[in-house]
Amino acid sequence: MGVHGLTTYLRENRRLLSKSYVLSHQSPPPGPISIVVDGWSFIYAVHHNSNHPWVYGGEYEDFTRLVFLIVQNWIRIGFSVHFVFDGAYPELKFPTLVSRLGQSVIQPSLLFFRTSPISRNSARFLHETRIIPPFSYSVCIHALQSLLESTDSLQIHFADEEGDPYAVELAGRIGGYVVGNDSDFVVLNTDGYLGYIPLDEMSWTAAIPDIPITDEDKDDDFQPVRKGKPKVIRDPRLGRGIIPPDTDTDLSLSFTAYSPTTLASHLKVPVTLLPLLGALVGNDFTTSQELNNRSVQSMFFERQLTLTQRISRVASTIQAVISPSYQKRRQKHQLGSVMDLIDRTVNALLIRFGTTLGTGEVDKIIDQIVEATLQYAIPKYDGEIVGLDSLWPTDVCALHQPDACPILSMVSRFVMAEDQAADDKITLRSHYLNAYRTGNLDPHILDILSTATFWPRTFLENPDLETVNRSIGRPIRLWIYSILDDGIGLPEFEGDIDVANSTADASSIEDEDELIDVVESDDEENAQDLLAPLKGALERLHPGAETSTPLVSALINKPKKIVEYIRRGTRVASEAVTVNPLSELLHTLSHPAIVMESKPLASNSPANKFTILLAVLHSDYPSIRALSPPHLTAVLALRWVVRTLHLRAEETGSRERDLERWSMREAHCFLASLSPLPPTTPASNFPQVLDRHAQLMAQVASAIQSIEFLSQVLMITDLVAPVAHITSGRRFHSFLTESSPTVDVDIPDTLRIAIESGLGDFYAEERKKKAKKSKSNSQRVASRNPKSASVFQLLGNVGVEA
């Protein structure tokens with residue numbers, strides 16, 4: 001992630017570019033050190049260093065324990081921790097996201113199901129084909145929210161869009177570092193930002209003192225050697241990155257910090273031009289940039305150049321363009337604007353192509369570089385208050401005023417479209433904003449409101465079958481889309497162009513060619529922001545309320561579509577889904593207790609919304625209403641999967657669809673996996689993963705995700721609460737393979753009754769296992785078969801009969 005090759009460049013030049021620090025429990029710093037943690041980098045680091053078996057679907061109780069352990073030890077050594085999680089995906093990053101999904105999920109799944117069961121269950125195979133468990137994000141948020149109740153040194157932030165600029169801006173505001181695994185953090189810069197700490201370069205050390213020698217152990221012939229300091233040794237459990245050993249002894253944390261200013265000085269370019277360097281070398285926003293089926297970066301560099309050599313090449317090119325000698329040679333065409341700088345740098349890198357590229361083609365490349373550079377833009381803070389007191393100027397955003405906050409336009413389409421918006425719509429907008437800022441509204445739901453797209457989390461599933469995100473999750477998501485469109489409005493979809501692009505042509509680009517003085521100076525504090533003239537072009541990516549209001553008002557009554565990015569075969573494909581009016585969906589529910597209110601459904605009473613959710617899932621029974629919130633979500637998900645697969649098999653009548661149905665025993669295995677095993681119960685450490693069992697886990701995971709999202713959109717998470725933090729994929733697979741018998745787990749009768757209410761015939765009959773022939777039986781059959789018996793066996797049989 002980040003600038004291509006920059007992580008390797010930093011590692012190769014660590015001595016010149018970094019500073020090392022060591023903190024410990026016994027000698028914390030005089031004041032708290034503020035760190036801003038990139039949430040997804042943290043999740044991946046914990047998952048990678050924990051060595052938890054991912055293939056079963058996730059060990060979320062152990063994952064929660066590690067989150068607690070890491071954050072609590074960070075606070076103990078003197079860190080003030082601020083987590084930042086990404087918001088809606090920017091459209092420019094879609095090709096990168098599709099590529100990552102294919103490489104990190106689709107291809108490992110294909111390799112898993114194309115490998116023999118013996119080979120794919122080996123530790124080496126599972127280590128090389130890791131897939132992030134599907135509930136890692138929601139469980140991490142749940143763990144951090146639990147920690148918030150016991151400490152004031154932790155805060156959680158949710159960015160409106162890309163989280164990297166938000167994290168750096170927050171770190172600059174509070175005077176801290178950014179902790180993550182993304183080299184963009186050493187390219188982004190703002191006032192007060194101290195630098196970037198890679199998670200990969202954090203390590204814990206346990207100090208274990210020597211055992212004191214008592215008088216009884218002393219020998220008159222020997223004199224003990226007194227040591228002034230305790231001996232510091234590596235604990236055997238160390239070497240797992242950011243995960244400290246679970247011990248009460250003194251712990252020390254060593255880490256490395258990189259500063260954008262130091263990097264710029266090393267490359268001999270102004271620090272304000274590091275974003276341009278990142279765009280020219282290549283970053284997450286340049287994946288889709290092609291010209292004549294060739295990537296832009298392949299035109300800039302010779303094929304034999306390594307990624308680190310490309311960084312040096314771009315730095316030297318920028319240095320040459322802004323050097324005084326270069327200016328003297330071109331007195332007729334002085335460098336008068338930042339666009340001139342980009343123009344000349346791009347043409348210098350394209351020197352190999354000479355005149356083979358036309359003017360229009362070069363201009364297209366320049367526009368692509370400008371657009372990729374703009375993703376690093378951070379608005380300058382002009383306030384006088386700094387530190388924590390400068391955060392949350394309003395309830396809308398922790399950093400920005402409402403008019404500069406992209407999320408406000410995402411949830412204000414109906415409010416902006418009406419001259420006098422109804423109070424219930426304004427109140428609903430406030431509720432959704434508060435839900436997102438507090439972690440009760442998933443960022444994937446924000447994608448629906450931002451770009452009319454949805455990116456369901458995908459896990460290990462059979463590539464030869466229809467994806468569960470379509471068969472299991474989509475029917476529930478159709479309700480989510482309609483509820484959001486009914487409450488706050490959805491953006492328009494027109495082919496491959498969404499609302500952001502349709503308004504971009506109408507927006508004006510201001511100050512694009514503003515004249516600036518390009519001065520090479522060693523004083524970085526006085527350096528001008530050379531990207532400032534480009535920031536006016538941000539209107540193309542984030543249209544303001546004034547430009548979007550006429551468009552939204554014209555789209556109120558138009559049919560909407562949502563583009564879902566899901567697996568299709570062995571690739572990620574986009575599928576457009578029509579959003580039905582909510583009134584049509586409600587008329588399909590024949591439920592006497594549902595009250596049709598005039599205000600948006602999301603603004604209804606919690607009791608009415610809960611009834612509608614149960615009706616949508618065909619599960620409104622007294623036995624289900626009596627369940628506790630976490631168990632309720634699990635039961636609803638299980639019932640939805642059982643019912644959906646049964647109806648699919650009944651509709652088609654095919655044997656393949658009939659084999660997909662769940663049996664009652666498999667349902668009991670899932671319920672049993674929600675409870676930890678008794679200490680006396682032997683559990684298989686790594687039960688074998690069968691194709692069917694992996695598909696069962698994928699089905700129920702998709703149902704849980706969709707139901708939790710529906711609960712969030714209806715804002716009844718207190719009634720239908722998250723369940724992922726108590727699930728265990730390994731326990732589920734252990735019960736399915738009978739490595740651990742379900743009789744050892746006490747499944748409450750309330751859960752058994754709840755999964756059977758109204759679904760008696762929907763479960764498949766228990767599949768009988770083929771009995772293996774014993775050796776004695778096979779030998780007896782062979783002895784009675786003269787064709788397969790030897791001459792000596794025939795003679796032996798004759799003797800016995802005689």
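What you see below is based on every heavy atom in this structure, not just the backbone, and it leaves out hydrogens, waters and symmetry mates.
Taking the side chain as every heavy atom from C-beta outward, Phe85 and Ile43 approach each other to under 4.5 Å. Inter-residue side-chain proximity for Asp38 and Val84 is flagged as unmet; no heavy-atom pair is nearer than 4.5 Å. For the pair Leu484/Leu490, a side-chain contact is recorded, criterion being any heavy-atom separation below 4.5 Å from C-beta on. With contacts defined as side-chain heavy-atom distances shorter than 4.5 Å, the pair Ile131/Ser104 does not qualify. Side-chain atoms of Lys93 and Arg100, non-hydrogen and from C-beta on, do get closer than 4.5 Å to each other. Looking at heavy atoms from C-beta onward, Gln688 lies in side-chain contact with Pro117 at the 4.5 angstrom threshold. By the 4.5 Å heavy-atom criterion applied to side chains, Leu759 and Glu756 are not counted as neighbours. Counting heavy atoms from C-beta on, the side chains of Met664 and Ile755 come closer than 4.5 Å.
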Please test Leu460 against Gln695 for side-chain contact (heavy atoms from CB on, under 4.5 Å), starting from the C-alpha separation and ending with a verdict.
CA-CA 8 Å; Leu460 184 69; Gln695 195 66 16; over 6 Å; no
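Separating the OG atom in Ser711 from the CG atom in Leu636 is a distance of 9.5 Å, to the nearest 0.5 Å. Atom CG of residue Leu101 and atom CD1 of residue Ile566 lie 11.5 Å apart, to the nearest 0.5 angstrom. Here OG of Ser623 is found 12.0 Å from CG of Asp749. Values are rounded to the nearest 0.5 Å. Once rounded to the nearest 0.5 Å, the distance linking CD1 of Ile472 with CD1 of Ile704 reads 12.0 Å.
For His631, the ring pair (Phe, Tyr, Trp, His ring centres under 6.0 Å) criterion is met by no residue, not counting sequence neighbours. In this structure, His47 has no ring pair (Phe, Tyr, Trp, His ring centres under 6.0 Å) partners at least two apart in sequence or on a different chain. Not counting sequence neighbours, Glu708 has no partner by the salt bridge (Lys or Arg N to Asp or Glu O under 4.0 Å) test. With sequence neighbours left out, Asp442 forms a salt bridge (Lys or Arg N to Asp or Glu O under 4.0 Å) with Arg457.
Between Trp40 and Tyr137, a ring centre-to-centre spacing shorter than 6.0 Å is recorded. Here the two rings, on Phe670 and Phe735, have centers that are 6.0 Å apart or farther. Taking the six-membered ring wherever Trp is involved, the centroid distance between the rings of Trp455 and Tyr89 falls below 6.0 Å. Between Phe83 and Phe42, a ring centre-to-centre spacing shorter than 6.0 Å is recorded. Ring centroids of Tyr56 and Phe732 are separated by 6.0 Å or more, keeping the two rings apart.
Aromatic ring orientation, His725 versus His142: parallel (interplanar angle below 30°, classes split at 30° and 60°).
Ion pairing between Glu660 and Arg692 fails under the 4.0 Å rule for side-chain N and carboxylate O. Residues Arg437 and Asp160 are paired through a salt bridge, judged by an N-O separation under 4.0 Å between the basic side chain and the carboxylate. Between Arg120 and Asp691, at least one side-chain N (NZ, or NE/NH1/NH2) sits under 4.0 Å from a carboxylate O, which counts as a salt bridge. By the 4.0 Å N-to-carboxylate-O rule, Glu466 lies too far from Arg567 to be salt-bridged with it. Salt bridge annotation for Glu59-Arg65: absent, with no cationic side-chain nitrogen under 4.0 angstrom from a carboxylate oxygen. A salt bridge links Arg731 to Glu61: one of the charged nitrogens lies within less than 4.0 Å of a carboxylate oxygen. Of the charged side-chain nitrogens involved, at least one lies within less than 4.0 Å of a carboxylate oxygen, so that Arg114 and Asp464 count as a salt-bridged pair.
The stretch residues 575-584 participates, sequence neighbours left out, in these side-chain hydrogen bond (donor to acceptor under 3.5 Å, both in side chains) pairs: Arg470-Glu575, Arg474-Glu575, Arg568-Glu575. Among residue pairs with one or both ends in residues 617-628, those qualifying as salt bridge (charged side-chain N to carboxylate O under 4.0 Å, His left out) are Asp620-Arg625; sequence neighbours excluded.
Smallest separation of non-hydrogen atoms from Gly489 and Leu449: O-CD2, 4.0 Å. The two residues Tyr621 and Gly758 come nearest to each other via the heavy atoms OH-CA, 3.6 Å. When all heavy atoms of Ile624 and Arg639 are compared, the closest pair comes out as CD1-NE, 3.4 Å.
When each of Val139, Leu144, Ile726 is checked for a side chain to side chain contact (heavy atoms under 4.5 Å, CB included) with Thr64, only Val139 meets the rule.
Summarising the local packing, CG of Asp718 is surrounded by more than 12 heavy atoms from other residues, nucleotides or ligands at distances under 6.0 Å. For CD of Glu765, the number of neighbouring non-hydrogen atoms (other residues, nucleotides, ligands) closer than 6.0 Å is 12 at most. Other residues, nucleotides and ligands place more than 12 heavy atoms under 6.0 Å from the NE2 atom of His693.
Remark: the backbone N or O of Phe94 is not paired with any side-chain donor or acceptor of Thr96 at under 3.5 angstrom.
In this model, a donor atom of one side chain and an acceptor atom of the other lie less than 3.5 Å apart for Glu564 and Tyr481. For the residue pair Ser116 / Ser119, a side-chain donor-acceptor distance below 3.5 Å is found, with atom types taken as modelled.
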